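Being a predicted model, the structure only gives us computed values, none of them experimental.
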Amino acid sequence: LLPGVGAMLIETDSSFGEQDRLEQFHLRLVGIGMPAEVMLDRYGEDFACTAKLGSMTRVFSLDGRLSEYLGDSLRPFVHLSGLRVGQQWRVRLLDPFSLVRGSAPEFKTQLATVTRREMIRDGTGEVDCFRVEMEGAVAWAAPDGRIVRQEADVPLLGRWVMVDEPYDKAARNKALATFKRKRAHSR
């Protein structure tokens, strides 16, 4: 939905409180041709949310119990242990557009299926994984439950590919410098 965007930087900053409960979340997209960010601040059990896209700003509240579903919409699989080929379960995902529209949160339920075992490469070599598929997403889970790789269609942003890898500050700084150079040349 955003043709010609090219390189994009996604910055997130999350703060957690007692019992690893999310207290604040800030997401900023740079390089999509307009300012875009989402900010959430916990107030009691709920979140005060501000979403900005270009000149549009939308303020709304989000039931704190729904926050896990919002995260699941961006990253459907976090940890999957005890899998077997043929296993199925339902995944409930929050439609993020329903929140921006200011309407009641809308959910969609999708069927996730472990379709087969498949060898994929990670940063250390080949890993025998379970392939898990659902509409708009696929993930490869190692036998210990670690999600080695997943791909998900994210509204407005297209296909995301997320790979489990250790944090590498030098690689991040190099990617950030490359991104800034490309942006400077495109102006």
Side-chain angles (χ1 to χ4, degrees), residues 1-79 91 93-108 123 136-137 139 147 149-187:
L1 296 176
L2 295 173
V5 167
M8 172 177 39
L9 175 67
I10 302 168
E11 292 182 326
T12 60
D13 184 20
S14 303
S15 298
F16 295 87
E18 294 178 15
Q19 300 169 346
D20 293 328
R21 186 173 94 155
L22 180 65
E23 297 296 329
Q24 291 181 319
F25 175 79
H26 184 212
L27 172 114
R28 187 169 72 106
L29 302 174
V30 179
I32 65 170
M34 67 184 82
E37 62 185 321
V38 176
M39 295 162 285
L40 286 81
D41 286 294
R42 182 177 291 279
Y43 289 95
E45 292 303 313
D46 297 331
F47 287 98
C49 306
T50 304
K52 296 180 181 180
L53 182 60
S55 61
M56 180 197 80
T57 299
R58 185 77 145 150
V59 178
F60 55 95
S61 64
L62 174 65
D63 183 328
R65 296 169 298 178
L66 303 179
S67 64
E68 71 181 77
Y69 296 116
L70 183 58
D72 292 347
S73 298
L74 300 174
R75 185 177 179 194
F77 304 106
V78 179
H79 185 85
V91 177
L93 300 173
L94 177 64
D95 174 10
F97 292 119
S98 67
L99 300 175
V100 175
R101 288 190 305 264
S103 62
E106 297 173 16
F107 293 89
K108 60 182 179 178
I147 304 301
R149 176 185 176 96
Q150 67 182 304
E151 300 175 7
D153 294 327
V154 178
L156 292 177
L157 301 176
R159 188 89 167 161
W160 281 28
V161 176
M162 295 158 274
V163 179
D164 180 45
E165 59 187 11
Y167 178 72
D168 183 337
K169 186 174 184 175
R172 181 187 185 282
N173 289 339
K174 182 179 176 184
L176 187 57
T178 300
F179 176 77
K180 287 180 179 178
R181 249 189 334 275
K182 286 182 181 179
R183 281 191 61 210
H185 290 298
S186 65
R187 290 183 179 177

Counting N and O atoms only, with roles assigned by atom type, does the side chain of Q150 sit under 3.5 Å from a partner on the main chain of V161, one being a donor and the other an acceptor?
no

Among residues at least two apart in sequence or on other chains, which ones pass side-chain hydrogen bond (donor to acceptor under 3.5 Å, both in side chains) with D168?
none

Decide yes or no on side chain to side chain contact (heavy atoms under 4.5 Å, CB included) for V38 and T50, but give the supporting numbers first.
CA-CA 6 Å; V38 176; T50 304; over 6 Å; no

Atom of F77, atom of I147 and distance for their closest heavy-atom approach:
O-CG1, 3.8 Å

Working to the nearest 0.5 Å, report the span between CZ of F60 and CG of L40.
6.5 Å

First locate atom CE of M39, then atom CZ of F25, and finally report the distance between them rounded to the nearest 0.5 Å.
11.5 Å

For the CG atom of L53 and the CZ atom of R58, what is their distance to the nearest 0.5 Å?
12.5 Å

Heavy atoms only: give me the nearest E23-F16 pair and the separation to one decimal.
CG-C, 4.1 Å

Mind checking what makes side-chain contact (heavy atoms from CB on, under 4.5 Å) contact with S15, not counting sequence neighbours?
Q24

